[in-house]
Number of protein chains: 2
Amino acid sequence: MSPNAFLGEFEQMVLLAILKQGDRAFALEVRREIEDSADRSVSRGAFYTTLDRLERKGMVEWSEAEPSGRRSGPLRRFSVTPVGLAALRASRRALESLWSGVDLFAEERP
Amino acid sequence: MSPNAFLGEFEQMVLLAILKQGDRAFALEVRREIEDSADRSVSRGAFYTTLDRLERKGMVEWSEAEPSGRRSGPLRRFSVTPVGLAALRASRRALESLWSGVDLFAEERP
DNA sequence: CACCATCGTCTACAATGTAGACGCTACAGG
DNA sequence: CCTGTAGCGTCTACATTGTAGACGATGGTG
């Protein structure tokens, strides 16, 4: 709604993972990136649902890529839009501002 | 459910804000910290609901503090538990790993 | 041709985010 | 004393986001 609507954590991860893949990423690559970084599994449902919602908000877009000899049907390549980039920056700024001054590892004494 | 359940973004902010306030924080201070850092308003409802859920997950705890001459009734002081600290660290690690290598400001050309 | 694998869609439900109405206690003014 | 005002926390209700798994389509393989 508002221009600075916040991103959910998983939305952030998806956006970031696309960016890391070079901004013309294949689904499998993106999914893998998230799983590696966050060390957890990402179901297809969770992944595509989030992508759809991000698209409806104008933060990602995609294009079909002909499989050209590959297996299966339509392959997509995903990109983050300027709107998505802006949202990412806003989220990061907010969290970083809170993180600054907090030394999480200093508290590590049970 | 799983030991490394992820925190929502707002939950993260609340936890971090308590920590920043010195781990024995008053509600008003915490709320203010978030509003300042994230540059948005935080309603009482949103705030306390999140605190309750965090408590149910064992990530924050609180104690009453006598107002001793102050106004109003029971005042609470909030602290983040070791469980909360661990969750914070996990979230941070995941996001940071995704952020690394992505230069958000380099993409800033419309 | 039957069968398997991969990619994306859809449905459904759980968890989180958020607002605002309520109720209580204390203090200020009349 | 009674009433108004204000701060703190509770509760209800609903919107948004997170997540899984069933389903369907397409192309390759034996």
Side-chain angles (χ1 to χ4, degrees), chain A residues 1-2 4-15 17 25-32 34-35 38 40-78 84 87 91 94-95, chain B residues 1-2 4-15 17 25-32 34-35 38 40-78 84 87 91 94-95:
Chain A
M1 251 108 239
S2 65
N4 51 13
F6 276 89
L7 293 167
E9 184 175 49
F10 190 57
E11 291 181 321
Q12 256 178 87
M13 288 182 175
V14 170
L15 251 19
F26 285 106
L28 183 62
E29 252 90 65
V30 177
R31 221 131 78 70
R32 182 99 84 116
I34 297 171
E35 294 187 320
R40 65 163 180 176
S41 71
V42 174
S43 74
R44 261 201 290 277
F47 182 64
Y48 285 108
T49 300
T50 297
L51 240 11
D52 279 356
R53 305 212 262 234
L54 250 12
E55 197 233 359
R56 233 175 294 133
K57 293 195 273 184
M59 295 182 180
V60 299
E61 55 190 13
W62 55 66
S63 50
E64 310 281 300
E66 267 310 296
S68 62
R70 273 311 179 71
R71 59 184 64 269
S72 84
L75 265 186
R76 290 184 186 171
R77 282 167 162 275
F78 302 91
S91 278
L95 249 3
Chain B
M1 252 101 240
S2 65
N4 50 15
F6 276 88
L7 293 168
E9 185 174 50
F10 191 57
E11 292 181 320
Q12 257 178 85
M13 288 182 176
V14 170
L15 252 20
F26 286 105
L28 182 62
E29 252 91 64
V30 177
R31 220 132 80 69
R32 181 99 85 117
I34 298 172
E35 294 187 320
R40 65 163 178 176
S41 71
V42 174
S43 74
R44 262 201 289 277
F47 182 66
Y48 285 108
T49 299
T50 297
L51 240 13
D52 278 357
R53 306 213 261 235
L54 249 13
E55 197 233 358
R56 234 176 293 133
K57 294 195 274 182
M59 296 181 179
V60 298
E61 54 190 13
W62 54 69
S63 51
E64 311 282 300
E66 267 311 296
S68 61
R70 273 310 180 72
R71 58 184 63 271
S72 82
L75 263 187
R76 289 182 185 176
R77 283 166 162 275
F78 302 93
S91 278
L95 249 1

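Below, each value reflects all heavy atoms present in this structure, side chains not excepted, and no hydrogens, waters or symmetry copies. Protein chains get the first letters and strands the later ones, always in sequence-line order, with residue 1 at the start of each.
- With rounding to the nearest 0.5 angstrom, the CG atom of B:Leu28 is 9.0 Å from the CZ atom of B:Phe47.
- Distance A:Glu29 CD to C:dT6 P: 14 Å, rounded to the nearest Å.
- Ranked by how close their nearest DNA chain D nucleotide is to the 5' end, A:Ala46 and B:Ala46 are led by B:Ala46.
- Residue A:Arg32 places its CZ atom among 12 or fewer non-hydrogen atoms of other residues, nucleotides or ligands, all under 6.0 Å distant.
- A:Gly45 comes within contact range of at least one nucleobase, with a heavy-atom separation under 4.0 Å.
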Could you go through A:Arg76 and A:Phe26, starting from their C-alpha distance and side-chain angles, then the distance that decides it, and tell me whether this counts as side chain to side chain contact (heavy atoms under 4.5 Å, CB included)? CA-CA 6 Å; A:Arg76 290 184 186 171; A:Phe26 285 106; over 6 Å; no
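- As a whole-Å value, the separation of A:Asp52 CG from C:dC7 P is 17 Å.
- Among C:dT16, C:dG8, D:dG18, the nucleotide with an atom closest to any side-chain atom of A:Ala27 is C:dG8.
- Nearest-nucleotide positions on DNA chain D place B:Tyr48 closer to the 5' end than the other of A:Arg44 and B:Tyr48.
- Close to D:dT19, at under 4.0 Å from its OP1 or OP2, lies a side-chain N or O of A:Arg40.
- A donor-acceptor pair under 3.5 Å links the side-chain atoms of A:Glu35 to the main chain of A:Val42, judged by distance alone.
- The side chain of B:Ser41 approaches C:dA19 more closely than any other nucleotide in the set C:dA19, D:dT10, D:dA20.
- Between C:dG17, D:dC8, C:dT9, one nucleotide has an atom nearer to the side chain of B:Phe10 than all others, and that is C:dG17.
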Applying side chain to side chain contact (heavy atoms under 4.5 Å, CB included), run through B:Met59 and B:Glu11 and close with a yes or a no. CA-CA 10 Å; B:Met59 296 181 179; B:Glu11 292 181 320; over 6 Å; no
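- If you measure from atom CZ of A:Arg53 to atom C1' of C:dT9, you get 14 Å, rounded to the nearest angstrom.
- The distance between atom CZ of B:Arg31 and atom P of C:dG17, rounded to the nearest whole Å, is 16 Å.
- Of the listed nucleotides (D:dC8, D:dG18, C:dG17), D:dG18 has the atom at the smallest distance from the side chain of A:Glu11.
- The phosphate of C:dA15 has neither OP1 nor OP2 within less than 4.0 Å of any side-chain N or O from B:Lys57.
- One can place CZ of B:Arg77 at 13 Å from P of D:dC8, the figure rounded to the nearest angstrom.
- Minimum atom distance to the side chain of B:Glu9 is reached by C:dG17, of the listed C:dT11, C:dG17, D:dT10.
- Here D:dT16 presents its C1' atom at 12 Å from CG of A:Leu7, a figure rounded to the nearest Å.
- Residue A:Leu51 contributes atom CG, which lies 10 Å from atom C1' of C:dG8 at whole-angstrom precision.
- Atom CZ of B:Phe47 is separated from atom P of C:dA21 by 20 Å (rounded to the nearest Å).
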